[in-house]
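Heads up: the structure comes next, in structure tokens.
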Amino acid sequence: MILSKQEERIKNIIDKYAREEYDHVISNEEWPIFRELTSLRENLLSWYPFKGGAKVLEYAEGFGALTGILGQKCEKVVVVAENLLKAEYIRRRYVNCKNIDVLCEFSPNDNEKYDYVVVDRAISQIDELYSILAELQPFLSENGKLILTCWNRFSAREFCGAPSQGMLPFERIRNEKGATYRGIIHCLESVIWIDSWRLYYPFPDHILPQAIYTDEYLPRKSVRDRIISYYTDEQRKSLLMLEDEIYDGLIENGVFNVLANSFLIECSKEKISDHVIYAVLSKDRGKEHGFSTIITHAGQVMKAALDSAGRDSLVRIYENTIALMNRGIKCIPMQLKENYLCMPYIKGNTLIEYLEECFINQKDSVPLIFDLLYKAILNSSDHVQDGACSIQNADIEQNDLGVILKHAYIDMIPYNSFYLNGSLYFFDQEFVFYDYPAKYVLF
């Protein structure tokens, strides 16, 4: 078998390094290598509520980018690799995961059924979607679910001039057989065995998702503070404009979901009951501070650590919230479970959204809002009486420091608070600095 230069490099990395070291090793590698080995790929399903004790059949593309998260969340994973070599290297990649079985060829067994069938290969053609739905349905249990991804023929990225790998600019748009928003919905509604289905919109795409939207939870104004678009060197050669420049307009005109770069599809033999309407992922913040935050259709918000190392950060958020509430600071109430925080979903405006409205419609109220915020910051902690400050800088006059807080909760910001009925309610208070100025928190 003749391997590409990138495939040889991927083999070498898997042979030489532990899985936990990949992200550091590949930070400066070429895109095909980074794409195969980055843990950010797991964001696609790290938030998904797989049921306990689930058995999964995965059709893996490449070197098993999603296999690890499936093994982490499910009891048994059977992986069907593309070829013998990739099967061997998926085994080596997950050598310590005893619940993962990797096959090169899959012999259908009518008696073998799975709770989930996951296809780790984004399809492009609507005819291919029909074929996959028919081909894989026999492997699903009575209440099984099929999960797969699909490129969008009419995607924002394609209209911006950035083609998919191996394609010419606008080539996907010109493909009349390509999958589209309406075409996918028509397909899912017409397949007899599908009792219910859901479309998710991973942004910026299914490869490196940072947030997962649904029709029940679409952005109201902007995603600039949540989504960072990316482009390969090859895509930049034909890029006419950035997606970021048009997202606000797409949201305003109600086509943000229709022009998603790709879709995540979930279809089931039974009614999908408890489901997620929104997820945001922060795996790029590292093991200690990487979280998935989901909103369920039942009105619950759950913030879970993506790695066991993040458990301490969850505890810290909970303890900081309790400490603030004990000082009379209003916070969104939460419960600390084994590996996640649970709180009610608040439908009101965040303070940053309210401030935006004020800047546009009533600028005079903006200073009053910041006065309210600063008052909360001042009340959040005891003040250091002797003026000692952890910031040591010769350019700062002592008189300019102002009040020094014993505990400075630096997440008391407009992005991490709601403005409800004239009051501020804080959430996600993860970080605290000691002996810092109150002005620093406001800054």
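- For the residue pair Lys271 / Ser196, no side-chain donor-acceptor distance below 3.5 Å is found, with atom types taken as modelled.
- Across all non-hydrogen atoms, the minimal contact from Val102 to Ala81 is CG1-CB, 4.4 Å.
- Panel note: side chain Thr296, backbone Gln300; a donor-acceptor pair is recorded below 3.5 Å.
- At least one test fails for Arg19 against the ring of Tyr22: distance under 6.0 Å to the centre or angle within 45° of the axis.
- Taken to the nearest 0.5 Å, the CG atom of Asp428 stands 9.5 Å off from the OH atom of Tyr415.
- Salt-bridge check for Glu30 with Lys5: passed, with a basic side-chain N closer than 4.0 Å to an acidic carboxylate O.
- For Tyr419 and Tyr354, the gap between ring centers is short of 6.0 Å.
- Here Glu171 does not pair with Arg153 in a salt bridge; the nearest charged N to carboxylate O distance is not below 4.0 Å.
- For the 3.5 Å distance criterion, the side chains of Ser229 and Asp244 qualify, holding a donor opposite an acceptor.
- Ring planes of Tyr247 and Phe256: perpendicular class, angle over 60° (limits at 30 and 60°).
- Residues Arg41 and Arg35 approach most closely at NH1-O, 2.7 Å, considering heavy atoms.
- More than 12 heavy atoms of other shown residues, nucleotides or ligands fall within 6.0 angstrom of atom NZ in Lys269.
- A donor-acceptor pair is defined here as one N or O able to donate and one able to accept, closer than 3.5 Å; such a pair exists between the side chain of Asn99 and the backbone of Gly71.
- Taking the six-membered ring for Trp and the full ring otherwise, Tyr230 and Trp31 have centroids separated by under 6.0 Å.
- Looking at Asp115, its side chain never comes within 3.5 Å of a backbone N or O of Lys51 through a donor-acceptor pair.
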Side chain to side chain donor-acceptor pair (under 3.5 Å) between Ser131 and Gln125, intermediate numbers included | CA-CA 10 Å; Ser131 297; Gln125 310 275 44; over 6 Å; no

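- No donor-acceptor contact under 3.5 angstrom links the side chains of Asn152 and Ser262, judged on distance only.
- A salt bridge does not link Asp215 to Arg198: none of the charged side-chain nitrogens sits closer than 4.0 Å to a carboxylate oxygen.
- Proximity of a side-chain donor or acceptor of Asp101 to a complementary backbone N or O of Val78 within less than 3.5 Å is not detected.
- In this structure, the separation between CG on Leu85 and CD1 on Ile90 is 10.0 Å, given to the nearest 0.5 Å.
- Here Leu351 contributes atom CG and Glu356 contributes atom CD; the two are 12.0 Å apart, rounded to the nearest 0.5 Å.
- Judged as a side chain to side chain contact (heavy atoms under 4.5 Å, CB included), and not counting sequence neighbours, the contacts of Ser282 are Asp284, Arg285, Phe291.
- A distance of 6.0 Å or more separates the ring centres of Phe426 and Tyr409.
- Using cut-offs of 30° and 60° on the angle between ring planes, the pair Tyr201 and Phe263 is perpendicular.
- Not one N or O on the side chain of Gln429 forms a donor-acceptor pair closer than 3.5 Å with the backbone of Ile317.
- The structure places CG of Leu250 at 11.5 Å from CG of Leu218, a figure rounded to the nearest 0.5 Å.
- Across all their heavy atoms, Lys145 and Leu140 have their closest contact at O-CD2, 3.3 Å.
- Checked by atom type, the side-chain pair His297/Glu216 shows no donor-acceptor distance below 3.5 Å.
- Put simply, CD1 on Ile26 and CD1 on Ile10 are 9.5 Å apart, with the number rounded to the nearest 0.5 Å.
- Between the side chains of Arg93 and Thr67, no donor-acceptor pair is found at a separation under 3.5 Å.
- At a threshold of 4.0 Å, the pair Glu128-Lys177 does not count as salt-bridged, since none of the basic side-chain nitrogens sits closer than that to a carboxylate oxygen.
- Scanning both residues, Pro202 and Leu264, for their nearest heavy atoms gives CD-N, 3.8 Å.
- In this structure, the side chain of Thr38 does not engage the main chain of Phe34 through any donor-acceptor pair within 3.5 Å.
- Arg316 and Ser313 share a donor-acceptor pair across their side chains, judged by distance under 3.5 Å alone.
- In this structure, Arg91 pairs ionically with Glu88, as a charged nitrogen and a carboxylate oxygen lie closer than 4.0 Å.
- Side chain of Lys16 to backbone of Asn12: no donor-acceptor contact under 3.5 angstrom is found.
- Panel note: side chain Thr214, backbone Tyr200; no donor-acceptor pair is recorded below 3.5 Å.
- You'll find the ring centres of Phe170 and Phe159 outside the 6.0 Å limit.
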Please assess Tyr17 against His24 for the test ring pair (Phe, Tyr, Trp, His ring centres under 6.0 Å), listing each intermediate value before the final yes or no.
-> CA-CA 10 Å; Tyr17 298 97; His24 175 71; 8.8 Å; no

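- Interatomic distance, NZ of Lys221 versus CD1 of Ile352, reported as 11.5 Å (0.5 Å rounding).
- Under a 3.5 Å cut-off, the side chain of Asn261 and the backbone N or O of Asp205 do not form any donor-acceptor pair.
- Between Phe443 and Tyr440, the ring planes are tilted. Angles from 30° to 60° get that label.
- Between Glu42 and Lys73, no side-chain nitrogen of the basic residue sits less than 4.0 Å from a carboxylate oxygen of the acidic one, so the salt-bridge criterion is not met.
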